[in-house]
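The basis for the numbers below is simple: all heavy atoms, side chains too, and nothing from hydrogens, waters or symmetry mates. Naming convention: chains lettered A, B, ... in sequence-line order (proteins, then strands); numbering from 1 in each chain.
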Amino acid sequence: MPELPEVETVRAGLARWVAGRTIAEVEVRHPRAIRRHLPGSAHFAALLTGRKILDVKRRGKYLWLPLDSGDAILGHLGMSGQLLCQPASAPDELHLRVRLRFTDGDPELRFVDQRTFGGLAVSEGGADLPAEIAHIARDPMDPEFSDAGFAAAIRAKRTEVKRALLDQTLISGVGNIYADEALWRAQLHGVRPTSALTKPAAARLLGHVRDVLSEALDSGGTSFDALYVNVNGESGYFDRSLNVYGREGEPCRRCGTPIRREAFMNRSSYYCPHCQPRPRVRTGSRSRTNVP
DNA sequence: CCTCATTCCTGCGGGC
DNA sequence: TGCCCGCAGGAATGAG
């Protein structure tokens with residue numbers, strides 16, 4: 001599942017392979033892949049044809065490719081999206097959704113996405129920062145990310161710490177896998193109330209988030225089910241280093257206690273029940289949050 | 001304004 | 001063997 005490290009791996013690959021090249025032809029194979037581009041596929045193609053890609057940028061899990069027109073191609077990989085640079089002679093992938101051909105020939109750029117949670121759009125005038133993602137927070141690898149601002153914002157939230165890590169308007173780039181990994185390192189249970197975090201605790205948590213993301217980036221990103229591959233079609237391998245995610249029943253690498261999985265927001269959370277104890281039930285009038 | 005549940009999608013694997 | 005169901009999950013959306 002592409003989170004910040006995987007998307008950054010794709011960004012770097014794209015920057016190498018498509019920056020500076022001029023788009024010759026656009027083929028939209030599945031309308032859902034450009035559903036965020038409301039005017040439709042003909043308009044999408046018209047805005048791209050003949051335009052030069054200047055660069056490849058990223059904020060959190062979003063990518064955008066500034067064009068010489070001042071517009072940008074805005075993309076999100078969703079769960080299963082891939083941006084592949086392939087020779088035109090390579091057979092079409094089963095889930096090929098969009099193809100861009102260039103004036104200088106190979107390689108072409110293919111957006112391939114099995115589950116179609118991802119997609120592409122043209123952000124008009126979005127070369128600098130697409131308006132569509134202006135509400136997304138900077139990510140923790142961004143030099144302008146404010147650590148103090150993050151600590152203040154998370155403490156002001158009236159929610160649980162894992163939900164906050166997944167809130168892209170608070171901190172971007174973190175998904176379910178790295179949220180669980182960071183919480184394990186920080187020895188915090190995901191249901192702890194954010195308002196009870198001290199400033200130092202918030203700073204420590206942020207440090208663990210950064211560590212997890214940068215280590216994963218060094219490894220080329222996580223690939224869990226081979227759906228994610230980087231721009232050249234090569235899987236990442238950070239999954240070897242995961243401490244809790246997907247390890248239900250296996251011993252905690254810190255204390256040996258079996259890792260637990262529990263339902264969370266239509267997905268799963270993995271944690272060590274010994275290292276990451278649930279918070280004590282809050283006193284007062286609110287309902288209990290504990291389960292046996 | 002803030003928080004939260006719901007919804008989109010497809011392939012795979014387990015259970016019967 | 002084959003069918004059904006649950007699961008994987010980011011983020012827009014609308015409800016409250």
Round to the nearest Å and state the distance from [X] atom [atom1] to [N] atom [atom2].
X	N	atom1	atom2	result
A/R36	B/dC8	CZ	C1'	9 Å
A/L96	B/dT10	CG	C1'	16 Å
A/H135	C/dA11	NE2	C1'	8 Å
A/I136	C/dA11	CD1	C1'	8 Å
A/E262	C/dC7	CD	C1'	16 Å
A/N266	C/dG10	CG	P	12 Å
A/L77	C/dA8	CG	C1'	16 Å
A/R261	C/dC7	CZ	C1'	8 Å

Need one value for [X]: base, sugar-phosphate or nothing, where a base atom within 4.0 Å counts as base even if backbone is also close, heavy atoms only.
X	answer
A/D113	nothing
A/H30	nothing
A/R35	nothing
A/F264	nothing

Check DNA chain B against residues 116-130 of chain A and give the residues with a non-hydrogen atom under 4.0 Å, in numerical order.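 Only A/T116, A/F117 qualify.
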Please answer whether the main-chain N or O of A/T159 pairs with a side-chain N or O of A/T194 as donor and acceptor at a distance below 3.5 Å. yes
Salt bridge (charged side-chain N to carboxylate O under 4.0 Å, His left out) contacts in which one or both residues fall within residues 122-141 of chain A, not counting sequence neighbours: A/R58-A/D139, A/R138-A/D142, A/R138-A/E144
Applying salt bridge (Lys or Arg N to Asp or Glu O under 4.0 Å), name anything that partners A/D113, two or more places apart in sequence or on another chain.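 Result, salt bridge (Lys or Arg N to Asp or Glu O under 4.0 Å) vs A/D113: none returned.
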Quick check: do A/L165 and A/Y178 have side-chain heavy atoms less than 4.5 Å from each other? no
Please give the angle, rounded to 10 degrees, between the axes at the start and the end of the helix from B/dC2-C/dG16 to B/dC16-C/dG2, where five pairs define each axis. 50°
Given that A/R267 and A/K157 both sit by DNA chain B, which one's nearest nucleotide is further toward the 5' end?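 Looking at DNA chain B, the more 5' nearest nucleotide goes with A/K157.
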Presence of salt bridge, A/R267 and A/D180, under 4.0 angstrom: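 Between A/R267 and A/D180 there is no salt bridge, as every charged N stays at least 4.0 Å from the carboxylate O atoms.
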In a check of side chain to side chain donor-acceptor pair (under 3.5 Å) between A/S268 and each of A/E248, A/E262, A/R261, which one passes?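 Among A/E248, A/E262, A/R261, the one that satisfies the side chain to side chain donor-acceptor pair (under 3.5 Å) with A/S268 is A/R261.
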Go through it in stages, so that I can follow the logic: the residues are A/R110 and A/E108, the test is salt bridge (charged side-chain N to carboxylate O under 4.0 Å, His left out), and I'd like the CA-CA distance, side-chain angles, deciding distance and then a yes or no. CA-CA 7 Å; A/R110 300 180 181 182; A/E108 60 184 36; 2.8 Å; yes
[X] has a side chain; which of [options] sits nearest to it?
X	options	value
A/T159	C/dA11, B/dC4, C/dA8	B/dC4
A/R32	C/dA11, B/dC9, B/dT7	B/dC9
A/Q168	B/dC4, C/dT13, C/dA11	C/dA11
A/H95	B/dT10, C/dG10, B/dT6	B/dT10
A/Q114	B/dA5, C/dA12, B/dG11	B/dG11
A/K61	C/dA11, B/dG11, B/dC9	C/dA11

Distances for protein N/O vs nucleotides 14-16 of chain C N/O pairs under 3.5 angstrom?
none

Please evaluate residues A/E6 and A/L77 with respect to the criterion side-chain contact (heavy atoms from CB on, under 4.5 Å), reporting the C-alpha separation (whole Å), side-chain torsions for both, the decisive distance (0.1 Å), and the verdict. CA-CA 10 Å; A/E6 292 80 13; A/L77 300 177; over 6 Å; no
Relative to A/W184, does A/R254 satisfy both conditions: NZ or CZ under 6.0 angstrom from the six-membered ring centre, and within 45 degrees of the ring's axis?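 That pair qualifies as a cation-pi contact.
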Answer yes if A/Y62 and A/V209 sit in the same cluster of Ile, Leu, Val, Met, Phe, Trp and Tyr residues linked by side chain heavy atoms under 4.5 Å apart, and no otherwise. no
To which residues is A/M265 joined in a hydrophobic cluster, defined by side-chain heavy-atom contacts under 4.5 Å among Ile, Leu, Val, Met, Phe, Trp and Tyr, whether direct or through other members?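 Its cluster mates, by chain and number, are A/L166, A/F264.
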Has A/R163 got a side-chain N or O lying under 4.0 Å from the OP1 or OP2 atom of B/dC4? yes
If only side-chain N and O atoms of A/Y62 are considered, is one of them under 4.0 Å from the OP1 or OP2 phosphate oxygen of C/dA12?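 A/Y62 to C/dA12 OP1/OP2: side-chain N or O found under 4.0 Å.
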Donor-acceptor side-chain pairing of A/Q82 and A/E93 below 3.5 angstrom: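 A/E93 and A/Q82 do not have a side-chain donor-acceptor pair below 3.5 Å.
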So among A/R210, A/R204, A/K199, which one has a salt bridge (charged side-chain N to carboxylate O under 4.0 Å, His left out) with A/D147?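 Result: among A/R210, A/R204, A/K199, A/R210 is the only option passing the salt bridge (charged side-chain N to carboxylate O under 4.0 Å, His left out) with A/D147.
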